[in-house]
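Computed from a prediction, not measured in an experiment: that's the story for all the values here. Just so we're on the same page: letters track the sequence lines, and every chain starts at 1.
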Amino acid sequence: MARERRGGDRKRFLRASRDIEHVKQHGRRLSTTSFNLLICRTEDNDTRVGIVVGKRFGGAVRRNRAKRLFRELTRQVYGQLIAGYSLLVFPKRDAMGLSFDALKAVWCSTLRRQGMLRTPETESPHP
RNA sequence: GGAGAAGACCGGGUGAUCGCUCGCCGCGGCGACGUGGCGAGAGGAAAGUCCGGACUUCAUGGGCAGGGCGCUGGGUAACCCCCAGGCGGAGCAAUCCGACACCAGCACCACAGAGAACAGACCGCCGAUGGCCAACGCGAUUGGACCCCAAUCUCAUCGCUGCGGAUCAGGCAAGGGUGAAACGGCGGGGUAAGAGCCCACCGCGGUGAUGGCGACAUCACCGGCAGGGUAAGCGUCGCUCGAUGCAAGGCCAAAUAGGAAGACACCUGCCGGUCCUCUUCGGAGCAUCGGCGACCGGCUGGCCCGGCCGAGGUCUUCGGGUAGGUCGCUUGAGGUUCGAGGUAACUCGAAUCCCAGAGAAAUGAUCUCCUCUGAUCGAGAGCAUAUCUUGGUCAGGACAGAAUCCGGCUUAUAGGUCUUCUUCACCG
RNA sequence: UCCCCGGUAGCUCAGUUGGUAGAGCAGCCGGCUGUUAACCGGCUGGUCGCAGGUUCGAGUCCUGCCCGGGGAG
């Protein structure tokens with residue numbers, strides 16, 4: 001695939017709208033006060049995360065900020081994610097009021113409860 | 001120092017760790033790619049998409065329609081932009097604001113008001129002139145007052161003049177009142193009352209001179225009031241504008257469906273009647289008359305004219321195109337520093353630099369120190385709960401994110417710096 | 001990256017040559033009815049999205065913003 005011609009983030013994130021629609025159709029849904037999450041099993045070996053921020057969220061600066069925050073969260077826990085899933089994140093406006101550490105705590109505990117993290121018992125310090 | 005006006009600029013800095021995108025170099029690999037190093041990586045508005053261009057493809061015969069602009073001169077690739085000037089308006093002033101061409105034609109001007117468009121007479125003023133009444137004026141006659149006469153006086157009658165009076169015809173538009181706006185303003189003369197009727201000043205219009213490239217200004221003379229407003233209503237005049245927008249457009253090209261594109265030559269009637277010729281008696285040809293059809297569809301980016309294409313044939317080629325990829329994609333009306341010209345916008349010349357190129361879209365996360373602002377606590381100076389200096393703690397640091405690229409406009413914007421100018425107050 | 005519509009009462013919408021802002025539903029009051037609905041009569045309710053400008057006067061004309069909706073791959 002042409003997408004894999006590039007390195008780095010391109011493997012970890014969902015970009016094509018077709019894939020995002022697929023997850024929206026077949027995914028399992030759960031929500032917190034900071035974000036909504038859709039989880040879907042795929043045949044692919046990699047796990048990909050898509051971040052969707054609608055126009056209602058705010059201006060371009062606020063939308064970019066939300067996407068950057070969740071991308072950073074994904075990068076920090078990506079090594080511990082179990083392969084073979086597609087995740088879709090819908091950030092909420094309340095998440096922007098939290099600090100990065102608080103958001104990370106919510107993010108990790110949510111993923112752990114869903115069994116998406118490989119090392120559930122060890123509280124991972126700063127990578 | 002207070003208040004204010006204009007312009008220019010900045011838009012937190014520094015360092016550490018973990019990451020992202022692109023470029024270059026090294027290594028590994030056929031390659032995709034992986035990995036290491038170095039370098040670069042959001043703005044003054046990147047925004048709104050309101051104008052103007054570059055560039056792209058299509059069109060490129062004529063006319064009309066339509067859009068835009070609108071004091072003058074300049075700048076520019078161009079402009080609904082900028083600079084300088086004129087005029088009008090606001091302000092004590094610095095300064096600011098202005099779609100600021102044309103009312104010839106059509107249309108509209110509600111309510112109020114007498115009258116609202118080449119107007120009108122409600123209240124009002126006058127009643128000069130022609131009528132009406134008519135002396136307290138003049139004359140005549142008769143009677144009376146004094147014994148008589150004259151004079152004089154008085155009453156009555158008549159006549160004349162027409163003082164005066166109210167008003168009709170009529171004159172007036174100064175004043176009141178209505179309105180956003182009422183056929184110049186104010187003062188004087190004049191008049192029956194008035195009126196540019198006359199005069200001075202101002203306004204207005206015309207002509208001329210002077211200054212200025214010009215808009216226009218100043219002055220002189222003349223006219224004697226010409227005639228309302230609205231063109232961001234229809235319109236007129238002048239200038240100007242082809243459409244399309246990087247999702248433009250070029251190239252490569254899965255799957256599926258099946259044809260697609262180009263070139264060439266060629267074709268213009270049908271039906272009925274009549275006449276003539278030929279005839280194998282079925283018809284054919286030619287001429288004329290009548291009727292039907294000369295249209296419809298598509299293209300020519302809005303409409304009309306004009307133009308082109310159409311059925312079928314022959315020939316040539318294998319291509320067109322979606323997902324996806326790739327190019328366009330960042331070197332440009334470019335920046336910086338000097339020098340020159342110009343009041344300025346800006347231009348010219350030289351040197352020098354390369355300064356984001358993503359693609360559901362890269363610039364992020366955490367923290368240290370410094371800086372700015374606010375709150376609070378403490379110390380010091382101080383009569384002081386003004387104020388100043390210093391230290392600690394806690395918050396906060398705006399508006400906002402490139403998407404083909406430039407020139408502008410508009411809008412959002414915490415806080416701060418600098419320059420110039422106006423005015424007021426105080427001191428000298 | 002562009003293009004095109006719309007914003008008027010609580011809701012759905014009218015509103016042309018610029019001149020008192022309207023209709024239906026809803027709400028409130030009264031009547032009818034044993035009561036409610038329906039019906040009848042009346043009333044209330046508006047920064048005409050915002051701000052400037054043109055005009056004597058703007059819902060209407062012009063300009064600039066704000067918000068909402070739709071279209072072009």
**Request:** First locate atom CG of A:L88, then atom CZ of A:R29, and finally report the distance between them rounded to the nearest 0.5 Å.
**Result:** 9.5 Å

Please tabulate, one pair per line, each protein N/O and nucleotide N/O from nucleotides 41-50 of chain B that are separated by under 3.5 Å, including the distance.
none

**Fill in**
A:F70 atom CZ is separated from B:C20 atom C1', nearest whole Å, by 18 Å

**Message:** I want to verify the glycosidic state of B:G70; is it syn or anti under the 90° rule?
**Reply:** anti

**Prompt:** If the P atom of B:C409 is compared with that of B:C81, how far apart are they to the nearest Å?
**Reply:** 10 Å

**Request:** Tell me, please, which residues at least two apart from A:R93 pass side-chain hydrogen bond (donor to acceptor under 3.5 Å, both in side chains).
**Result:** none

**Complete:** Relative to its sugar, using the 90° cut-off around 0, the base of B:G196 is syn

**Asked** How far does the C1' atom of B:C92 sit from the matching atom of B:U422, given to the nearest Å?
**Response** 10 Å

**Asked** Starting at CZ of A:R48 and ending at C1' of B:A360, how long is that distance when rounded to a whole Å?
**Response** 15 Å

**Nearest-Å distance once atom P is located in both B:G324 and B:C406** = 28 Å

**Item:** Contact nearer the 5' end of RNA chain B, comparing A:S99 with A:R62
**Value:** A:S99

**Fill in**
Winner on side-chain proximity to A:K67, out of B:U366, B:A402, B:A361, is B:A361

**Euclidean distance for P, B:G262 against B:G250 (whole angstrom)** = 16 Å

**Message:** Under a 3.5 Å cut-off for both contacts, is B:U373 paired Watson-Crick or G-U wobble with anything, and if yes, with which nucleotide?
**Reply:** B:A395

**Asked** In the structure shown, which nucleotide is the Watson-Crick or G-U wobble counterpart of B:G36, with both distances under 3.5 Å?
**Response** B:C25

**Request:** Report the glycosidic orientation of B:G282: syn if within 90° of 0, anti in every other case.
**Result:** syn

**Partner nucleotide, any strand, of B:A166 [Watson-Crick/G-U, under 3.5 Å]** = none

**Euclidean distance for P, B:C58 against B:G301 (whole angstrom)** = 14 Å

**Request:** Using atom CZ of A:R63 as one end and atom P of B:A400 as the other, report the distance to the nearest whole Å.
**Result:** 13 Å

**Pairwise P distance for B:G339 and B:A362, with rounding to whole Å** = 45 Å

**Request:** Both distances under 3.5 Å, Watson-Crick or G-U wobble: report the partner of B:G73, or none.
**Result:** B:C83

**Request:** Using the C1' atoms only, state how far B:G11 lies from B:C399, rounded to an integer number of Å.
**Result:** 10 Å

**Complete:** In short, ring-ring contact (aromatic ring centres under 6.0 Å, His included) pairs touching residues 46-65 of chain A with sequence neighbours left out are none

**Request:** Select one nucleotide: of B:G401, B:G19, B:U363, the one nearest the side-chain heavy atoms of A:R75.
**Result:** B:G19

**Item:** Rounded distance [0.5 Å steps], CH2 in A:W107 versus CZ in A:F100
**Value:** 11.0 Å

**Request:** With C1' as the reference atom in both, quote the distance from B:A231 to B:C305 in angstrom, rounded to an integer.
**Result:** 34 Å

**Request:** In whole angstrom, give the distance that lies between atom CG of A:L69 and atom P of B:G364.
**Result:** 11 Å

**Base partner of B:G364, which must satisfy Watson-Crick or wobble distances under 3.5 Å** = B:C18

**Message:** For the CD1 atom of A:I82 and the CZ atom of A:R41, what is their distance to the nearest 0.5 Å?
**Reply:** 9.5 Å

**Prompt:** Rounded to whole angstroms, how far apart are NZ on A:K104 and C1' on B:C18?
**Reply:** 11 Å

**Request:** Hunt down any stem RNA chain C takes part in, defined as 3 or more consecutive Watson-Crick or G-U pairs whose two distances are each under 3.5 Å.
**Result:** C:1-7 with C:66-72, C:10-13 with C:22-25, C:27-31 with C:39-43, C:49-53 with C:61-65

**Asked** Taking the side chain as C-beta and beyond, is there a heavy-atom pair between A:L87 and A:L111 under 4.5 Å?
**Response** yes

**Item:** Distance in angstrom units between A:F100 CZ and B:U366 C1', rounded
**Value:** 8 Å

Anything under 3.5 Å between a donor and an acceptor, one on a side chain of residues 30-38 of chain A, the other on a protein residue two or more places apart or in another chain? List them.
unit_1	atom_1	unit_2	atom_2	d
A:T32	OG1	A:S34	N	3.1
A:T32	OG1	A:F35	N	3.1
A:T32	OG1	A:F35	O	3.1

**Request:** For A:I51 and B:C20, give me the distance from atom CD1 to atom P, rounded to whole Å.
**Result:** 15 Å

**Message:** To the nearest 0.5 Å, what is the distance between CD on A:Q76 and NZ on A:K104?
**Reply:** 4.0 Å

Considering only nitrogen or oxygen atoms on both sides, find all protein atoms under 3.5 Å from nucleotides 68-70 of chain C and state each distance.
none

**Prompt:** Does B:C96 have a Watson-Crick or wobble mate here (both distances under 3.5 Å), and if so which one?
**Reply:** B:G89

**Asked** What's the base orientation of B:C100: syn (chi within 90° of 0) or anti?
**Response** anti

**Asked** How long is the gap from CG on A:N64 to CZ on A:R71, to the nearest 0.5 Å?
**Response** 8.0 Å

**Prompt:** Side chains of A:M96 and A:L69: does their closest heavy-atom pair fall under 4.5 Å?
**Reply:** yes

**Counterpart base for B:C329, defined by Watson-Crick or G-U wobble contacts under 3.5 Å** = none

**Asked** Does B:U277 sit syn or anti, given that only angles within 90° of 0 count as syn?
**Response** anti

**Asked** Whole-Å distance between B:G364 P and A:E72 CD?
**Response** 11 Å

**Message:** Going by purine N1 to pyrimidine N3 plus the second Watson-Crick contact, or the G-U wobble pair, all under 3.5 Å, which nucleotide sits opposite B:C303?
**Reply:** B:G63

